[in-house]
Amino acid sequence: MALYSEKVMDHFRNPRNVGVIEDANGIGEVGNAKCGDIMKMYLKIEDDIVQDVKFETFGCGSAIASSSMATELIKGKPVSEVAQLTNKAVAEALDGLPAYKMHCSVLAEEAIQSALADYYSKKEATAE
Ligand code: FES
């Protein structure tokens, strides 16, 4: 059996939504201390819907594929739904990751949660 699914290879070779959103209102950056990989997620949220999402990942192929798939899963979705996204859902959408690569999908979950937390803290700050 191939180590990586077709979907992982596809998202690694042709990652979706790579880049920066200049006027993002939620930005999250996370890293894994063990492998040194870093993931940055930009969210543009309007009316509690993720209108746009982009990412920059300095990391392994699984991390790139996970971020790419994660952006596809949350684009156009309400923030309440996005908050529920787990690394397992990302890995499943990729038709699985090898067990020792599951931590790469955790980065995607954490980057999105961190961007959401940033969005909420900015929203609170402007509401004051
Ligand atoms: Fe660290 Fe993949 S090896 S995120």
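On a predicted model such as this, the values are computed, not experimentally measured, just so you know. Counting from 1, the numbers follow the sequence of the chain as shown. As the structure lists them, so they are numbered: ligands from 1, and atoms in each ligand from 1.
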Problem - Leu107 touching ligand 1 at heavy-atom level, < 4.0 angstrom - result: yes

Problem - Between SG on residue Cys104 and CG on residue Asn87, distance to nearest 0.5 Å - result: 10.0 Å

Fill in the blank from the handout: for atom 3 (S) of ligand 1, nearest protein heavy atom and its distance come out as His103 NE2, 3.3 Å

Problem - Result of checking Lys54, Glu29, Glu56 against Tyr42 for side chain to side chain donor-acceptor pair (under 3.5 Å) - result: Glu56

Practice task
Examine all N, O or S atoms of Cys35, backbone included, and report whether one is under 2.8 Å from atom 1 (Fe) of ligand 1.
Solution key: yes

Practice task
Could you tell me the residue and atom name of the protein heavy atom closest to atom 4 (S) of ligand 1, and the distance to it rounded to 0.1 Å?
Solution key: Asp37 OD2, 3.0 Å

Handout entry: Ion pair Arg16/Asp10, N-O distance below 4.0 Å
Key = yes

Fill in the blank from the handout: Near Cys104 (heavy-atom distance under 4.0 Å), the atoms of ligand 1 are 2 (Fe), 3 (S), 4 (S)

Completion exercise
From the list Ile27, Leu43, Asn25, side chain to side chain contact (heavy atoms under 4.5 Å, CB included) partner of Tyr119 resolves to Asn25

Handout entry: Residue Ala63 vicinity, atoms of ligand 1 by number, heavy atom under 4.0 Å
Key = 4 (S)

Problem - Connected hydrophobic set around Ile49, excluding itself, where side chains approach under 4.5 Å - result: none

Problem - Lys101 heavy atom under 4.0 Å from ligand 1 - result: yes

Fill in the blank from the handout: Output for pair (Ile64 CD1, Leu107 CG), nearest 0.5 Å, gives 11.5 Å

Practice task
Just need the protein heavy atom nearest to atom 2 (Fe) of ligand 1, so name the residue and atom and give the distance.
Solution key: Cys60 SG, 2.2 Å

